[in-house]
Q: 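Input: one structure, supplied below.
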Amino acid sequence: MDSKVRVRFAPSPTGGLHIGGVRTVLFNYLFAKHHGGEFILRIEDTDQSRFVAGAEQYILDTLNWCGMVPDESPVHHGAYGPYRQSERKHLYKQYADQLIEQGHAYYAFDTAADLEAKRNQIPNFQYSRAHRMEMKNSITLSENEVSDLLKSNTPYVIRIKMPEQENLTFHDLIRGEVSFDTSTVDDKVLLKADGMPTYHLAVVVDDHLMKITHAFRGEEWLPSAPVHILLWKYLFGLDKMPKWAHLPLILKPEGHGKLSKRDGERLGFPVFAMDWMDPNTKEQTIGFKERGFLPEALINLLALLGWNDGTDKEIFSIEELISQFSLERVHKGGAKFDYEKAKWFNQEWIKKTDDATLATLVKPFFDDAQIEVHEPSYLVKVIGLVKDRCHLLTDFITQSSFFFQAPSQIDTAALLPKWDDKKQAFFTALILEYQTMLSKGEAITQASELELHFKNLAATHEIKPGDLMLPLRVMLVGGKFGPGVFDIIQSIELEDAQKRIDHSLKLLSNK
RNA sequence: GGAGCGUUCGACUAAGGGUUAGGUCACCUCCCUUUCACGGAGGUAAUACGGGUUCGAAUCCCGUACGCUCUACCA
């Protein structure tokens, strides 16, 4: 490697960060760290009309949560700032002017209405070689007319003048040789009437100024790559241009097309990394974080959507990803998002995470659900008991709330068909024995002893223990789920168990 | 319409001239579990289509179909 690898993620702060964006960050980050390079966050806020307050902070928060902290950014500083394009506005015009002087760009004075009319008049109108001579610009106007317009402060944009029939070929790190005929690309606007650059100019100028060595972005940018290649050629030289890689898209689970926020709402899964509330519409969008995903799982599943290490290995830590990642193994085709598989990744990461760490992560969800945890070590113990049956951190609530409070609903309907006086008598005797033990201070505290005691009593009553296990479970947890019943009694302790059985007995005898 | 890119089980993918086309998720069966899971053992299921090249093609070439992206003073 001749120079230090420098990559950038360059989002516009227009809303929540879509997992497609997170994966673009991830591939940038993995590549940079794999090569011992730097990862830069640059905010592309050149469109004031689309600016959304809080979106930049949200992006930073997301990167932070994911553990992909930029080396340089608007808040991490660095030698190549500022890192917001709006603060770099003054830098761009000179390059646009340079292009005009070189004859590679021109002024265009057409109004929005002019363009609108032209588009209505000509199907598939393109501001390009075919039609630029019919428009109001510095190619069709005389020098005097142009300077008069400029002097009178007539609004204008600067457009690139796409060359005629030039074959442009560049090497994409993922796709190999990609070529375009320049005459099929229109004369893109480079500098807008408000003096701000468009993406096309800004990305080239900033990548150059920030010494970016590798530029990765979504596949949707491929068709405008020729514009950027040309700009590099005119402004800084092709030998200075970063290596490009256009990443495959993340697609809808069913049907086709790019995954969108709407798909998540429609199909019931998150698309944004974290919760996002649009400050203008007040619309809330759920995130992977709040849905109960571990950042390690999100990273893992995103990495495997379009990349693999060539083996059957699927569970990777970020460190493993950094050491194994290579662009050569990134796919060309898009990948459909599958929420079931996403949950499987999370489950695997829950199993990998130790109980104490899980406890601190689960605690906020318990707080939200208003489940009081008096003893942190008790939560850790409970987590150990139920973690195998949780796909999401939120599952811990349904899987373990009964360890902290009596169930609010008892599924008596599941018991009633097989309920009889013998069982009623057995459970009545059981709570009586529990009460006796408690009053004597001889309460059993081992799950195995509880089981033995239970079975002995069943034998006395001449009932198969198997016929009693399900009723006992439902009485304790409210339904047909949860870990071993005697582990539960052991955890909630005899007094509480006795109360729950008593309560259920009353419900059953009232039916 | 134009341009570019893509296409292996339902989904994510492995195999890059020679494999009974492998793995994972999902689904189904069985075992374990006196619940639900976890775990274990099996099963269903794919090279878009048509031509070449070759002893041999998922793999190389050509064509077709289909899909996607872009085609804004948005990124």
Side-chain angles (χ1 to χ4, degrees), chain A residues 10-14 44-47 49-50 85 108 110-112 115-116 119 123-128 155-159 172 174-175 178-181 183-186 188-200 202-203 217-226 246 248-249 251-258 301 304-315 329 331-345 347-348 351 386-391 395 398-399 414 455 464-474 476-477 479-485:
Chain A
S12 334
T14 53
E44 307 226 342
D45 56 349
T46 55
D47 184 3
S49 66
R50 295 216 309 163
Q85 287 182 333
D110 317 275
T111 64
L115 291 168
E116 176 68 21
R119 288 193 181 104
N124 305 317
F125 170 80
Q126 288 229 108
Y127 205 121
S128 64
Y156 68 86
V157 300
I158 294 177
R159 286 180 182 270
D172 184 286
I174 293 173
R175 281 145 222 285
V178 180
S179 57
F180 294 86
D181 181 341
S183 56
T184 62
V185 184
D186 61 336
K188 295 286 183 206
V189 170
L190 302 177
L191 201 73
K192 301 187 252 187
D194 64 2
M196 279 286 194
T198 59
Y199 171 82
H200 306 294
V203 72
R217 72 220 310 191
E219 188 189 345
E220 68 267 30
W221 289 106
L222 205 43
S224 52
H246 289 87
L249 267 14
L251 275 16
K252 300 176 192 294
E254 27 90 297
H256 301 280
K258 263 202 292 191
L301 77 92
L304 271 282
L305 224 42
W307 174 88
N308 68 80
D309 75 344
T311 73
D312 290 340
K313 186 175 166 70
E314 291 196 280
I315 302 300
R329 293 204 64 90
H331 281 213
K332 296 182 176 77
K336 290 179 188 166
F337 178 72
D338 180 359
Y339 190 51
E340 292 306 318
K341 183 100 189 216
K343 284 193 289 191
W344 175 79
F345 274 108
Q347 182 182 29
E348 292 299 311
K351 283 194 277 188
V386 303
K387 70 192 286 191
D388 278 350
R389 57 204 80 206
C390 295
H391 286 78
D395 290 341
T398 47
Q399 288 296 335
K455 286 183 173 170
K464 281 183 290 184
D467 294 338
L468 297 165
M469 297 293 275
L470 190 66
L472 177 60
R473 165 176 301 284
V474 172
L476 295 171
V477 315
K480 294 188 272 187
F481 61 94
V485 273

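Proteins get letters first, then strands, A, B, ... in listed order; numbering begins at 1 in each.
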Q: Does the base of B/C5 carry an N or O that pairs as donor and acceptor with the side chain of A/R175 under 3.5 Å?
A: no
Q: Under 4.0 Å, heavy atoms only, any strand: does A/N308 hit a base, just the sugar-phosphate, or nothing?
A: sugar-phosphate
Q: With the criterion being N/O to N/O and under 3.5 Å, what pairs connect the protein with nucleotides 28-33 of chain B, and how long is each?
A:
none

Q: Are there any protein N/O atoms within less than 3.5 Å of an N/O atom in nucleotides 24-27 of chain B, and if so, which ones and at what distance?
A:
residue : atom : partner : partner atom : Å
B/U24   : O4'  : A/E314  : OE1          : 3.1
B/U24   : O2'  : A/E314  : OE1          : 2.6
B/U24   : O2'  : A/K341  : NZ           : 3.1
B/U24   : O2   : A/K341  : NZ           : 2.7
B/C25   : OP1  : A/W344  : NE1          : 3.4
B/C25   : O2'  : A/K341  : N            : 3.4

Q: Between A/K341 and A/D338, does any NZ, NE, NH1 or NH2 come within less than 4.0 Å of an OD or OE carboxylate oxygen?
A: no
Q: Classify the nucleic acid contact of A/S224 as base, sugar-phosphate or nothing, counting any heavy atom under 4.0 Å across all strands shown.
A: nothing
Q: So A/A335, base contact, sugar-phosphate only, or nothing? Heavy-atom distance under 4.0 Å.
A: sugar-phosphate
Q: In terms of side-chain heavy atoms of A/L249, which of B/G39, B/C5, B/C68 is nearest?
A: B/C68
Q: What nucleic acid atoms does A/K343 come within less than 4.0 Å of, heavy atoms only: base, sugar-phosphate, or nothing?
A: nothing
Q: With a 4.0 Å cut-off on heavy atoms, is A/H246 in touch with a base, just the backbone sugar-phosphate, or nothing at all?
A: nothing
Q: Of the options B/A75, B/A3, B/C70, whose atoms approach the side-chain atoms of A/Y199 most closely?
A: B/A75
Q: Which part of the nucleic acid does A/T46 contact within heavy-atom distance under 4.0 Å: base, sugar-phosphate only, or nothing?
A: sugar-phosphate
Q: Ignoring backbone atoms, test whether A/H331 places a side-chain nitrogen or oxygen under 4.0 Å from the OP1 or OP2 oxygen of B/C5.
A: no
Q: Among B/G6, B/U71, B/A3, which is the nearest nucleotide to the side chain of A/D186?
A: B/U71
Q: Checking all strands, does A/V157 fall into the base, sugar-phosphate, or nothing category for heavy-atom contacts under 4.0 angstrom?
A: base
Q: Within the 4.0 Å heavy-atom criterion, would you say A/R329 contacts the bases, only the backbone, or no part of the nucleic acid?
A: sugar-phosphate
Q: At 4.0 Å (heavy atoms only), tell me whether A/D45 reaches a base, stays on the sugar-phosphate, or touches nothing.
A: nothing
Q: Check A/R119 with A/E116, please: is the shortest side-chain N to carboxylate O separation under 4.0 Å?
A: no
Q: Scan A/T14 against the nucleic acid and name what it touches under 4.0 Å (heavy atoms): base, sugar-phosphate only, or nothing.
A: nothing
Q: When both hydrogen-bonding distances must be under 3.5 Å and the geometry is Watson-Crick or G-U wobble, what is B/U29 paired with, if anything?
A: B/A41
Q: How is A/V178 classified with respect to the nucleic acid when contacts are heavy atoms under 4.0 Å: base, sugar-phosphate, or nothing?
A: sugar-phosphate
Q: Can you confirm whether A/K313 is buried at NZ, in the sense that more than 12 heavy atoms of other residues, nucleotides or ligands lie under 6.0 Å from that atom?
A: yes
Q: Under 4.0 angstrom, heavy atoms only, what part of the nucleic acid is A/G333 near: base, sugar-phosphate, or nothing?
A: sugar-phosphate
Q: Hey, does A/K387 reach any base, or is it just sugar-phosphate, or nothing, if we go heavy atoms under 4.0 Å?
A: nothing
Q: May I ask you to verify if any side-chain N or O of A/R159 is less than 4.0 angstrom from the OP1 or OP2 atom of B/C73?
A: yes
